[in-house]
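Everything quoted here is computed from the prediction, not taken from an experiment. Reminder, nothing fancy here: chain letters follow the sequence lines and each chain counts from 1.
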Amino acid sequence: MATQIETGSGSARATSYHDLLDKQLQFLCSQHVATVAVNAAGTGYTVGDLLTLTHASAHLDAVFEVTSISGGGGTGPITGLRIYSSGAFAQQAVSATISAGGTGYAVGDVIQVDGGSSRLPAKFEVTTVSSGAVTAVSLYEGGGAYSSTPSNPAATTQTGRSITSSGTNTANDDCTLTVTYQAIVGTTGLSVTGGTGSSATVDITLAETGWSVDERSENDITINSLDYERIVVLKGDATGLTNKPFIAFGTGTSTSGLTTRYWLSVMGLIAHNPALPFESQDFRSPNYTAANTYGDGGAYLLLSEDTGSGVDEMDFWFFADDQHAFSVVQILESAAISDDGIYMQMHAGLMNRIGTETEDPYPMMIFASSRQRNIPNNAGHVSITGIAEQRHASSGPGWFYNSLTGAWTQLQNDDTNNTPGVEENLMLPVGRPRLNDDIDQVVADGTLQIQTDFFELDRTSATLILRKIPGTVDEFFLWPLTIMKKDSINTDPVNDKLHGQVKDIFWISSDDGTGNRIVNFSEDYVTVGGDRYLIFHNHVHVEPYQYIAVKWDV
Amino acid sequence: MTLHYINEQTSSLADLMTKLATFVTSTAGWTGEAITGATNGVNTSTGEGAFSKAAQGTNTNDIQVAFQWDTTDPDHLAVYQYNHASGAGNYDNTRAGPWDQDGDSGNGHAGTADADIDDDRHVRITDTPIQYWAFAQSGASLEQYVYVVVEYDADRFNHFGFGEVQKFNDWDGGAFAYGQRHQGSFNNSQAVLSGSTALLDGLAADGGFPLPNNMEEFVATLQIENLPQQVANGMWAVVMGGQSSANLGTDRQSNDGVSSDTDRAHFVGGFRANEIARSYGNLVPSPLSGYVPAYPIMIWYWHRSPSTVYGPMGVQPNVRGIAITNFAAGDEITVGSEVWKVFPTRWRSDSTSTFGTSRHQGIAYRKS
């Protein structure tokens with residue numbers, strides 16, 4: 001699995017909601033560093049140093065951590081490295097000149113390069129025109145990701161339009177470009193920067209992260225009177241599986257007084273027909289209800305707001321393989337400590353299935369922190385929750401595809417504690433299924449439970465903090481997140497089922513070893529069984545039970 | 001990994017123990033303790049038996065268990081667990097009986113009369129059991145255990161066992177033993193009644209009449225040491241439900257004439273309640289759909305004052321809780337290369353009005 005971490009400062013962080021989506025797509029559709037080895041050991045390095053590999057083909061730089069040095073001192077030549085951030089490298093477009101200007105274009109039009117073989121086609125924005133003919137373009141949304149580039153001059157297709165006086169567009173998709181591409185980074189003897197030493201070089205291997213744009217990357221969606229909003233559909237390679245996952249992202253804004261709120265919509269599909277409008281896609285998770293229309297009850301990743309002085313830059317952590325993507329975004333730039341951070345979560349793609357692919361062809365899960373778009377992002381709200389908490393009584397922002405019923409089904413751990421029987425579709429361990437009736441009741445509540453003792457769905461103080469497992473070194477326990485459907489009445493237990501386990505994300509109790517929560521636990525990592533897991537709290541909630549651990553598997 | 005399995009007809013309690021002793025020692029590799037007059041650790045003349053084995057998993061102390069029945073009125077089999085400091089092979093024949101060994105857990109009647117044996121940890125066998133099944137695991141670095149299911153009457157089953165927990169982390173201890181208590185025909189909810197207990201069970205507890213007020217003496221014991229906040233010189237825990245911390249009983253460390261009886265710690269979770277059972281124990285399996293959820297028996301350590309819960313501490317190896325709505329006693333479930341055999345906890349019934357049954361509650365043991 002690939003991981004990308006961009007925090008602290010620098011333009012690699014997300015500077016806007018569109019930029020966040022650009023980076024997410026580049027990460028998913030590019031190649032990442034799969035292995036790293038020391039080529040030249042250099043001198044003067046310190047264990048823990050972070051070394052950056054950058055290149056003109058890097059959408060996102062790779063970063064390596066020095067794990068061992070030689071020489072016996074505090075600094076020395078590097079003998080061991082691990083991948084800290086996988087990077088996103090691709091053969092990509094860097095610039096273009098006009099071969100044929102075409103007709104009907106306006107400044108602001110977005111045109112996509114046709115042809116070649118790409119996971120993410122390059123786009124350009126029309127910057128100047130002359131009587132409807134394109135005279136100059138600039139790179140838009142980055143340079144894409146190609147395995148083989150189209151021949152020059154390359155045909156283009158318009159994906160977004162400027163607002164004309166008549167509100168229409170008359171481009172004829174007859175502009176052609178001569179595109180210059182940057183080759184992808186090599187794999188041996190690569191220089192790295194950073195750390196306390198110098199002269200180290202590395203050898204790497206690259207691997208596809210495994211997603212591709214599936215013939216839909218639109219830039220002409222109008223939301224909140226802005227007509228450059230986007231919808232993009234990706235298909236996962238899901239190597240070895242017959243049934244591939246499709247995920248979709250949309251951008252949008254909402255306005256509340258003088259505040260503009262930015263968000264990404266996260267959606268899933270089990271099939272995609274590029275010939276049909278997006279609103280006409282069957283088997284799509286909510287909540288794009290009609291052309292240019294979103295509704296509450298979807299899965300929305302709330303991002304930095306603009307109250308009149310611009311938007312905060314956002315730290316992010318991306319995790320992905322060719323079946324799923326999970327992201328965490330910290331949207332409060334001024335947070336000096338992680339306890340003050342505002343962390344939003346997003347999941348799209350397949351879970352670990354329970355059963356064979358024939359029995360459960362699409363164990364998909366879609367989640368983002370909010371079911372609503374136009375709400376404040378910086379305070380506890382019933383509509384904003386986390387992937388483990390899933391706190392909503394009836395229509396939360398978590399969905400899974402139920403292959404038995406052929407429907408997207410909403411998760412609902414319920415925001416009223418101790419009410420099993422109301423909720424039916426649960427995320428364990430926090431969700432609390434009803435007990436069976438009569439002869440099928442084989443278990444009872446018991447003395448202690450996750451749901452009522454260690455977790456408080458009303459977000460007050462829990463009765464207990466679950467402590468670490470004692471031993472020579474006390475260990476954290478990582479609770480798998482598992483989706484369960486349990487009928488609210490004892491009708492037909494055949495439909496009771498576990499529908500999947502979320503990949504590589506776990507609930508973890510924050511225990512500092514003394515029965516108190518760990519201060520500033522988020523963004524730290526724990527090591528369990530030799531693997532590292534990054535820690536994040538849910539939104540603004542830092543109670544000991546509001547943390548997840550995400551496998552940092554690089 | 002070596003899994004052992006046997007199923008034999010039996011004619012009496014003594015016959016069952018004789019056959020079981022052969023399986024435990026000759027097949028599963030346990031030591032039959034050198035009880036005077038014993039064969040493979042069992043003396044059918046005195047109704048006394050003991051087995052032990054060196055810890056192989058992450059357990060730190062040997063597994064040492066003993067048994068007693070009334071040879072004049074064979075019905076219930078008392079189940080004891082002890083922790084002699086010198087480990088396996090140190091059963092002391094000079095002591096009054098199996099309850100009197102060094103480091104005894106405190107559960108199991110201190111005597112041989114059947115009328116008293118069933119007032120403390122035991123398993124009911126009767127003197128006309130029909131058959132038994134035994135499941136065991138041996139092998140280096142693997143958790144050693146023996147699980148026994150007895151059909152003591154037509155379609156009536158009891159379970160007892162001993163072994164070592166598959167531990168999470170490397171805390172000290174891990175050996176366990178359990179019998180089974182059934183509340184009888186008190187009501188129609190025996191499966192989830194606190195006056196019953198089987199396996200490592202986090203639901204058993206004292207209750208109002210006619211439930212017992214000494215449930216801590218019937219439940220599973222777990223050998224533990226040096227856990228956080230554990231009482232000084234503590235050696236044992238009981239696995240049970242919502243029992244007052246002042247009502248968990250003491251061990252019998254004073255058997256050695258030097259030590260003092262010590263309070264027992266409290267483990268929760270387990271077969272019928274708490275975190276795992278409560279979450280996963282409500283799914284109904286069906287061989288028709290091929291969907292057969294069976295949940296692990298997972299335990300936690302609960303220090304009572306101040307209330308602190310640690311864990312999970314581990315699982316009982318190769319056994320699962322399961323709803324047997326669509327299974328009969330002895331049915332086998334194949335999961336990949338594994339074969340599991342299911343039994344009712346006591347008495348499978350589809351009736352909600354019949355008292356004393358265990359409804360659709362079941363236990364699955366790994367056979368191979």
*What part of A:L466 lies closer than 4.5 angstrom to a heavy atom of chain B: side chain, backbone, both or neither?*
both
_Most contacts with chain A, counted as non-hydrogen pairs under 4.5 angstrom, among B:S351, B:P312, B:G281, B:S349_ = B:P312
*Would you say the side chain of A:P470 lies within less than 4.5 Å of the side chain of B:M313, judging by non-hydrogen atoms?*
yes
*Tell me, do A:K486 and B:N282 make a side-chain contact under 4.5 Å, heavy atoms counted?*
yes
*Just how far is it from atom CG of A:N436 to atom OG1 of B:T325, taken to the nearest 0.5 Å?*
7.5 Å
*What distance separates B:N169 CG from A:F477 CZ, expressed to the nearest 0.5 Å?*
12.0 Å
*Could you look at B:I324 and say if it's the side chain, the backbone, both or neither that has a heavy atom under 4.5 Å from chain A?*
neither
*Under a 4.5 Å heavy-atom cutoff, which of A:T482, A:I354, A:V443, A:L498 has the most pairs with chain B?*
A:V443
*Quick one: which of B:G314, B:S307, B:A191 has the most heavy-atom pairs under 4.5 Å with chain A, could you say?*
B:S307
_Interatomic spacing from OG in B:S279 to CE in A:M484 - rounded to 0.5 Å_ = 6.5 Å
*asked:* Taking every non-hydrogen pair under 4.5 Å, which of B:F271, B:Y301, B:Y280, B:Y295 racks up the most with chain A?
replied: B:Y280
*Between B:T357, B:T345, B:L283, B:T308, which shows the greatest number of heavy-atom pairs under 4.5 Å with chain A?*
B:L283
*With no hydrogens and no angle check, is any side-chain donor or acceptor of A:K468 less than 3.5 Å from a backbone partner on B:G311?*
no
*Count the heavy-atom pairs under 4.5 Å between each of A:T472, A:I465, A:V473 and chain B, then report the option with the highest count.*
A:T472
*Count the heavy atoms belonging to other residues, nucleotides or ligands that lie under 6.0 Å from CG of B:N247, then report whether that count exceeds 12.*
yes
_Quick check: do A:L448 and B:W302 have side-chain heavy atoms less than 4.5 Å from each other?_
yes
*Give the member of A:G446, A:A444, A:G515 that has the highest number of heavy-atom pairs under 4.5 Å with chain B.*
A:A444
*Once you round to the nearest 0.5 Å, how far does CZ of B:R272 lie from CD of A:Q441?*
10.5 Å
*asked:* Contact between A:W479 and B:E275 at the side-chain level, heavy atoms closer than 4.5 Å - yes or no?
replied: yes
*Checking B:V309 against chain A: side chain, backbone, both or neither under 4.5 Å from a heavy atom?*
both
*Are any of the side-chain nitrogens in B:R278 or A:D445 under 4.0 Å away from the carboxylate oxygens of its partner?*
yes
*asked:* Is A:F476 close to chain B through its backbone or its side chain, or both, or neither, when contacts mean heavy atoms under 4.5 Å?
replied: neither
*asked:* When you compare the side chain of A:D474 with that of B:Y310, does any pair of heavy atoms fall below 4.5 Å?
replied: no
